[in-house]
Amino acid sequence: MKAYKSEFINRISERSLLNQCTDLLSLDKLAAKPGEIIAYIGFDCTAKSLHVGSLLSIMLLRHLQQSGHKPIILLGNGTSKIGDPSGKDESRQLLSESDINQNMNSIKNIFKNYLQFGPGPTDASIVTNADWLNDLNYIKFLRDFGTCFTINRMLTFDSVKSRLDREQPLSFLEFNYMVLQAYDFYRLYNDKGCVLQMGGSDQWGNIINGVELIRRTQYSLSGEKSNAWGLTTPLLTSSSGRKMGKTVKGAIWLNRDMLSPYDYWQFWRNTADSDLSRYLKLFTELPLDEISRLEKLSGAEINDAKKILADETTKLCHGEKTALGARHTSEQTFEQKQAGEQLRVFNVPRSDLETGILVFQLFHNSGLVESNSEARRLIKGGGGRVNDDPVDNETSRVSITDLNANGTIKLSAGKKRHVLIRVV
C-alpha cells in the first residue's frame, strides 16, 4: 500500500528524494486531485554548465512532470548578479551581465534532455528572473515587502548562521539574495499560478521566506489566506564525505562541451560500492524491484550493476546512443586494452613528435596531471603508461615511432585516466 495519496509524493519518497516540506499532507492532497500543480526550481547562471550536484533537483522536476504536473525552470540571470550565500565560505565573484547571459544560454540546453517542453498543460517552461528584478524600484520594493521580513528570523537560517558562526564575512549584497528569491516565488505565484518551490536542502531558508511572503500578502477569492509550499531534496554526499558533483579533478559537468560523455559515464562507473543503491534510486528510472535485485549483487557482479548505473545516468544526460558509445569505449579501454573511440583527444604537432617529447611533459601538457612534478611522481610510482606499457624513466621521450596503427598514442595515468595523443 502506498504511503501517500499522490503519485508525485509517493515517487519521490520511495526514491529518497524527499527531505523537508512545509506542509506535506496538504501538498500531497493537492497533488492527488485532478489537474496539475505548478512547481519551480531556480538555477543560477554562475557557470556555463550545471554539474551533477544539480541532478537531484533536475530529477525532482522530471518526476513532477511524469506525475502529471507542470515544472518551471527559473534561470537566475538576475540573482546571479548577486550570488547565493548558501553553503559558501566567501562571497561569489561577481560576473558581468554578458557572462551571465552566455552561461544561461548554455545551461538551457541541459534541461531538454530531462524534460518535455511545449505548450501543453504539463509541458515544462523556462523563465528568467531578470525580467522582473532588473527594473525594480528599490524604495517601492522596500515599502511593499520590507516589513514582511525580519532580521531576527533571517539570522536563524543555516545559510546565514553558518557563515556568521565561522566568522566569514556576509555582505549586505548577499544578505539581500534571500529577499529577492522570495520575491521570485511571489512573482511566479501571481504570474504563473506556481504554488510550490523546490530545491536542495541548502535552500530551505530561502524557500521558507518565499512561502511566508506569499502567505502574508496573498488572499484567495474566498478571503482565506492563499497557500504555497516548499519542498527540498536531501543534502547528498558520497560515502567518503565528498559533496556530490565535486571530485579531485574538478566538477562533473552535465554539458558535454565541458566534460565528455565518456568521462561522465566513467564517473558513475567508478561509484563506490556503498553508494550504488542510493544512486540507482536517485539518478535512474529503473524500477525499484530491479534496483533491489542489483543492490544484492556482490563480488565481481557489482561491477555489472555499476555499468548499468553509468548507462542509465548517461542515457538521461546525453542520450541512449551516446551512452552505449561510452560503455563501448570503456570496454575497449579497460577490458580489450584498445584505444576507445570516445577517449579525450590531445593534439600534438607532428614536428614535436619527430624530435620527441619528454614523457613527463606530455603527461602534464595533455591534462592527465596538473604539473610536471606530479607527472614525475606518477611515473616513478609505476602509474604512467604509454600504449598500455609501463613507463620506466620519466625523462624518456615519446616520438613518432610510438604511434599505433590508428595514428594515435594512448597515455594512461593509473587505471582510470586516459587520453589519446593525435598528430596534427
Side-chain angles (χ1 to χ4, degrees), residues 2-4 7-19 41 50-67 71 110-111 113-115 198 200-201 231-247 251-254 259 261-331 334-335 416:
K2 299 292 186 180
Y4 298 98
E7 180 185 353
F8 174 57
I9 301 298
N10 272 308
R11 268 180 178 246
I12 63 173
S13 174
E14 291 170 346
R15 291 185 174 268
S16 302
L17 277 162
L18 177 60
N19 182 44
I41 297 179
L50 304 175
H51 58 63
V52 297
S54 297
L55 265 186
L56 281 185
S57 291
I58 294 174
M59 293 302 292
L60 197 58
L61 290 171
R62 185 174 172 90
H63 286 298
L64 177 86
Q65 185 174 57
Q66 291 179 344
S67 302
I110 293 171
F111 297 99
N113 300 320
Y114 292 91
L115 300 169
M198 305 186 294
S201 61
L231 185 150
T232 63
T233 58
L235 174 67
L236 187 64
T237 58
S238 67
S239 57
S240 64
R242 187 179 297 276
K243 189 174 181 180
M244 188 66 178
K246 303 288 186 179
T247 69
I252 304 302
W253 302 107
L254 304 183
L259 186 77
Y262 166 77
D263 288 328
Y264 187 79
W265 190 95
Q266 199 64 39
F267 166 78
W268 295 104
R269 166 61 182 81
N270 293 331
T271 293
D273 294 0
S274 54
D275 291 325
L276 180 61
S277 177
R278 281 192 308 154
Y279 288 3
L280 285 167
K281 288 180 180 178
L282 293 170
F283 301 115
T284 81
E285 294 178 326
L286 290 173
L288 293 176
D289 56 353
E290 173 65 5
I291 293 175
S292 179
R293 182 188 71 82
L294 292 173
E295 66 188 9
K296 294 174 184 175
L297 298 178
S298 60
E301 287 185 325
I302 201 169
N303 290 324
D304 295 330
K306 292 180 182 181
K307 289 181 181 180
I308 292 173
L309 170 66
D311 288 345
E312 295 298 316
T313 51
T314 308
K315 186 191 306 181
L316 285 171
C317 189
H318 296 296
E320 185 171 9
K321 182 178 179 181
T322 300
L324 291 174
R327 177 193 267 249
H328 179 62
T329 293
S330 179
E331 289 172 345
F334 294 104
E335 297 171 18
K416 298 177 180 179

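What's counted below: heavy atoms across the whole structure, side chains too, no hydrogens, waters or symmetry copies.
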Asks: If you measure from OG1 on Thr237 to CG on Leu235, what distance do you get to the nearest 0.5 Å?
Replies: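 CG of Leu235 is found 6.0 Å from OG1 of Thr237.
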Asks: Would Gln66 and Glu7 count as having a side-chain donor-acceptor pair, cut-off 3.5 Å?
Replies: no
Asks: Rounded to the nearest 0.5 Å, what separation is found between the CZ atom of Arg278 and the OG atom of Ser16?
Replies: 9.0 Å
Asks: What distance separates Arg62 CZ from Leu115 CG, expressed to the nearest 0.5 Å?
Replies: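 These two atoms lie 7.5 Å from each other.
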Asks: Quick one: does any side-chain atom of Arg15 pair with a main-chain N or O of Leu282 as donor and acceptor, under 3.5 Å?
Replies: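 Checking the backbone N and O of Leu282 against the side chain of Arg15, no donor-acceptor pair under 3.5 Å is found.
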Asks: Compare all side-chain heavy atoms of Thr322 with those of Lys315 and state whether any distance is below 4.5 angstrom.
Replies: no
Asks: If we only count heavy atoms from C-beta on, is the Pro71 to Phe111 side-chain gap below 4.5 Å?
Replies: no
Asks: How about Trp268 and Asp311: does a side-chain donor come under 3.5 Å of a side-chain acceptor?
Replies: no
Asks: At their closest point, which heavy atom of Ala310 faces which heavy atom of Arg269, and how far apart are they?
Replies: CB-N, 3.8 Å
Asks: For the rings on Tyr264 and His318, is their centre-to-centre separation under 6.0 Å?
Replies: yes
Asks: Between Leu276 and Ile302, is any pair of side-chain heavy atoms under 4.5 Å apart?
Replies: yes
Asks: I would like to know whether Val52 and Thr313 meet side-chain contact (heavy atoms from CB on, under 4.5 Å); could you show each step before the answer?
Replies: CA-CA 10 Å; Val52 297; Thr313 51; over 6 Å; no
Asks: Can you check side-chain contact (heavy atoms from CB on, under 4.5 Å) on Leu254 and Ile58, steps first, answer last?
Replies: CA-CA 11 Å; Leu254 304 183; Ile58 294 174; 3.8 Å; yes
Asks: Might you confirm whether atom CD of Glu320 has over 12 heavy atoms from other residues, nucleotides or ligands at distances under 6.0 Å?
Replies: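 Result for CD/Glu320: open.
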Asks: Can any side-chain N or O of Asn19 pair as donor or acceptor with the backbone N or O of Ser201 at less than 3.5 Å?
Replies: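 Answer holds: no.
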Asks: Taking all atoms of both residues into account, what is the closest heavy-atom pair of Pro261 and Ala326, and its distance?
Replies: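 It is O-CB, 4.0 Å.
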Asks: Would you kindly say whether Glu312 and Thr284 are connected by a side-chain donor-acceptor distance under 3.5 Å?
Replies: no
Asks: Could you tell me the separation between the CD1 atom of Ile12 and the CG atom of Leu17, rounded to the nearest 0.5 Å?
Replies: 6.5 Å
Asks: Do Leu236 and Tyr279 touch side chain to side chain, with heavy atoms closer than 4.5 Å?
Replies: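 Contact flag for Leu236/Tyr279 side chains = yes.
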Asks: Step by step, work out the salt bridge (charged side-chain N to carboxylate O under 4.0 Å, His left out) result for Lys281 and Glu14.
Replies: CA-CA 8 Å; Lys281 288 180 180 178; Glu14 291 170 346; over 6 Å; no
Asks: Under a 3.5 Å distance rule, please check whether Lys306 uses its side chain to pair with a backbone N or O of Asn270 as donor and acceptor.
Replies: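 No, the answer is negative, given that no donor and acceptor are paired below the 3.5 Å cut-off.
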Asks: Taking the side chain as everything from C-beta on, heavy atoms only, tell me whether Glu295 gets closer than 4.5 Å to Leu280.
Replies: no
Asks: Are any non-hydrogen side-chain atoms of Phe283 and Leu316 less than 4.5 angstrom apart?
Replies: no
Asks: Can you tell me how far apart CG (Asp263) and CH2 (Trp253) are? Round to the nearest 0.5 Å.
Replies: 14.5 Å
Asks: Mark yes or no for whether Ser67, through its side chain, and His63, through its backbone, hold a donor-acceptor pair below 3.5 Å.
Replies: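 Judged by distance alone, yes, a pair lies under 3.5 Å.
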Asks: Which heavy atom in Cys317 sits nearest to a heavy atom in Tyr114, and how many Å separate them?
Replies: CB-OH, 3.2 Å
Asks: Nearest 0.5 Å, please: how far is OG in Ser54 from CD1 in Ile110?
Replies: 8.0 Å
Asks: For a 4.5 angstrom cut-off between non-hydrogen side-chain atoms, does Leu50 reach Leu55?
Replies: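 Leu50 does not reach Leu55 side chain to side chain.
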Asks: Can you find a pair of side-chain heavy atoms, one from Leu61 and one from Met198, that are under 4.5 Å apart?
Replies: yes
